[in-house]
Amino acid sequence: MNKITRQLKTVALLCTYTFLLELSVFLFRQNFGYHGNILPQYNFFILVEFMFYAYFFKQIVKNTYVLKAIKLFLFIFPLLWYIFSFYCFNILQWSSYSFVFGGTIIIFFALIYCYEKLTSNETTSLLNEGEFWVAIGLIVYYTCVVPYMGMFHYLTANYEQLAVKLKKLNLITNIIMYLLFAYAFLCKMIKTEKYSS
């Protein structure tokens with residue numbers, strides 16, 4: 001019996017990619033110092049990240065209109081990402097439009113999924129629903145970080161000290177999100193162990 005659902009495996013795969021990205025950034029900075037530009041790596045990560053999360057919600061959302069919206073997002077986001085990353089900005093600059101658009105849409109998908117779970121007639125405990133906790137983690141992270149990342153260029157150009165202080169918000173909400181992801185995996189595994197013994 002599989003302990004982890006296919007949906008959570010999608011998130012696990014993205015977490016592995018995120019770890020490898022952060023490792024590559026760390027090694028890049030070890031070799032080139034803080035003067036090397038790491039923004040292209042993060043700009044490409046935006047594309048992968050939001051495509052994975054949209055695919056995750058495509059597997060768990062039941063509303064047919066939202067499913068159509070997710071399919072449309074999966075088709076249109078790579079095109080918008082390309083335009084934002086290479087025409088509105090330079091790939092060497094932070095593509096804030098891509099992040100704000102993708103993050104806002106993911107919040108919407110997560111809220112729809114949570115609404116479906118909370119209004120469902122199913123009697124399952126949300127404490128044991130790993131996908132629910134992934135959605136909550138995404139809501140917490142993107143609700144806090146989308147405004148900051150959207151104003152990143154303005155803040156760094158005009159209020160650099162404030163931008164540095166707000167970067168801590170990004171770190172804190174990132175930690176909360178990954179803790180909720182960890183709980184999502186653990187509660188699924190504990191639930192499976194409980195019912196298999």
Within the side chain of Tyr148, is there an N or O that forms a donor-acceptor pair under 3.5 Å with the backbone of Ala163? yes

Of all residues at least two apart in sequence or in a different chain, which pass the side-chain contact (heavy atoms from CB on, under 4.5 Å) check with Gln59? Arg6, Gln7, Thr10, Tyr55

Please collect all salt bridge (charged side-chain N to carboxylate O under 4.0 Å, His left out) contacts where either partner lies in residues 93-115, sequence neighbours excluded, each pair once. none

List in chain and number order the residues that pass side-chain contact (heavy atoms from CB on, under 4.5 Å) with Leu162, two or more places apart in sequence or in another chain; answer none if no residue qualifies. Leu155, Tyr159, Leu166

May I ask whether Tyr65 and Phe57 are part of the same hydrophobic cluster, defined by side-chain heavy atoms of I, L, V, M, F, W, Y residues being less than 4.5 angstrom apart, directly or through others? no

Donor-acceptor list for residues 15-23 side chains, cut-off 3.5 Å, not counting sequence neighbours:
unit_1 : atom_1 : unit_2 : atom_2 : d
Thr16  : OG1    : Ala12  : O      : 2.9
Thr18  : OG1    : Leu14  : O      : 2.8
Glu22  : OE1    : Tyr42  : OH     : 2.8
Glu22  : OE2    : Tyr42  : OH     : 3.3

Sorted by chain and number, sequence neighbours left out, side chain to side chain donor-acceptor pair (under 3.5 Å) with Asn63 holds for none

Could you point out which residue of Phe84, Phe99, Phe73 forms a ring-ring contact (aromatic ring centres under 6.0 Å, His included) with Phe50? Phe99

Quick one: side-chain contact (heavy atoms from CB on, under 4.5 Å) partners of Lys62, sequence neighbours excluded? Glu116, Glu122

For residues Phe89 and Tyr97, establish whether the separation of their ring centroids is below 6.0 Å. yes

Name all pairs fulfilling the salt bridge (charged side-chain N to carboxylate O under 4.0 Å, His left out) condition that reach into residues 156-168, sequence neighbours left out, sorted by first residue then second. none

Under a single-linkage definition using a 4.5 Å side-chain heavy-atom cutoff for Ile, Leu, Val, Met, Phe, Trp and Tyr, are Leu171 and Trp94 assigned to the same hydrophobic cluster? no

Report yes or no: do Ile175 and Tyr178 belong to one cluster of Ile/Leu/Val/Met/Phe/Trp/Tyr joined by side chain heavy-atom distances under 4.5 Å? no

Show which residues join Leu72 in its hydrophobic cluster (side-chain heavy-atom contacts under 4.5 Å, direct or indirect), or state none. none

Please identify each residue that fulfils side-chain contact (heavy atoms from CB on, under 4.5 Å) with Leu126, with sequence neighbours left out. Lys117, Leu118, Glu129, Phe132

Can you run down the side-chain hydrogen bond (donor to acceptor under 3.5 Å, both in side chains) pairs that involve residues 71-83, sequence neighbours left out, and say none if there aren't any? Trp81-Ser85

What's in the same ILVMFWY side-chain cluster as Leu169, cut-off under 4.5 Å, chained through other members? none

Which side-chain hydrogen bond (donor to acceptor under 3.5 Å, both in side chains) pairs, counting each pair once, include a residue from residues 132-144, with sequence neighbours left out? Glu49-Tyr142, Tyr141-Asn170

